Amino acid sequence: MTIKFSEDLVPLSDLKVNPGRVVRHTTEVHRPVLVTNRGRGVAVVQSVGDYERAQEERDFMRAVVAGLADLDAGREVDFDEAKARLGLK
């Protein structure tokens with residue numbers, strides 16, 4: 001997810017004047033908005049749906065990395081053993 005500085009940079013004063021426009025923008029374009037104060041970034045506004053999707057992607061990638069680390073360390077089981085541990089037939 002890339003911020004388009006020409007569209008997704010909002011001064012704090014603009015957010016105070018019209019917060020609904022900023023929130024609507026994040027929902028429509030599916031990108032976060034960087035809120036600035038005196039030219040410096042101070043906050044990020046993102047739609048809840050986009051935040052949740054990004055969090056799920058991060059969690060999935062962490063699980064993949066952990067699984068690959070387990071393989072590298074030799075911590076693996078065959079399919080039958082995995083089914084037995086999980087109580088599956």
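Along the sequence shown, the residues carry numbers beginning at 1. Predicted model only: the values in this text are computed from it and were never measured.
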Distance-minimising heavy-atom pair for Arg75 and Ala69 = NH2-O, 3.8 Å
request  = Report the hydrophobic cluster partners of Val77, with the cluster defined as I, L, V, M, F, W, Y residues connected by side-chain heavy atoms closer than 4.5 angstrom, directly or transitively.
outcome  = none
inquiry  = Using modelled atom types and a 3.5 Å cut-off, is there a donor and acceptor pairing between side-chain atoms of Thr36 and backbone atoms of Gly39?
reply    = no
note = Correct closest heavy-atom pair for Val10 and Leu15 would be CG1-N, 4.0 Å
message = What I'd like to find out is whether the side chain of Asp70 reaches to under 4.5 Å of the side chain of Glu76, using heavy atoms alone.
response = no
inquiry  = For the CZ atom on Arg40, are there more than 12 heavy atoms of other groups (residues, nucleotides or ligands in this structure) within a distance under 6.0 Å?
reply    = no
ask   = Is Asp8 reaching over with its side chain to a backbone N or O of Lys4, donor-acceptor style, under 3.5 angstrom?
value = yes
query = For Arg38, what residues pass the side chain to side chain contact (heavy atoms under 4.5 Å, CB included) criterion, not counting sequence neighbours?
reply = none
Residue pair Arg31 / Glu7, side-chain heavy-atom distance below 4.5 Å = yes
inquiry  = Is there a path of hydrophobic side-chain contacts, each under 4.5 Å between heavy atoms, that joins Leu71 and Phe60?
reply    = yes
request  = For residues Asp14 and Arg21, report the shortest heavy-atom separation together with the two atoms involved.
outcome  = CB-NH2, 4.3 Å
task = Return the minimal non-hydrogen interatomic distance between Leu34 and Gly41, and the atom names on each side.
result = CD1-CA, 4.0 Å
request  = Determine whether Val42 and Val22 fall in the same hydrophobic cluster, where Ile, Leu, Val, Met, Phe, Trp and Tyr are linked whenever their side-chain heavy atoms lie under 4.5 Å apart.
outcome  = yes
request  = Drop me the distance from Asp72's CG to Leu68's CG, to the nearest 0.5 angstrom.
outcome  = 7.0 Å
remark   = Rounded to the nearest 0.5 Å, the CG atom of Leu88 sits from the CG atom of Asp80 at a distance of 11.5 Å
Closest heavy-atom pair and its distance - Pro32, Val44 = CB-CG1, 3.5 Å
message = I need the Gln55 CD to Arg53 CZ distance, nearest 0.5 Å.
response = 13.0 Å
ask   = Looking at side-chain heavy atoms only, is the closest gap between His30 and Asp50 below 4.5 Å?
value = yes
ask   = With hydrophobic residues grouped by side-chain heavy-atom distances under 4.5 Å, do Leu12 and Val33 end up in a single group?
value = yes
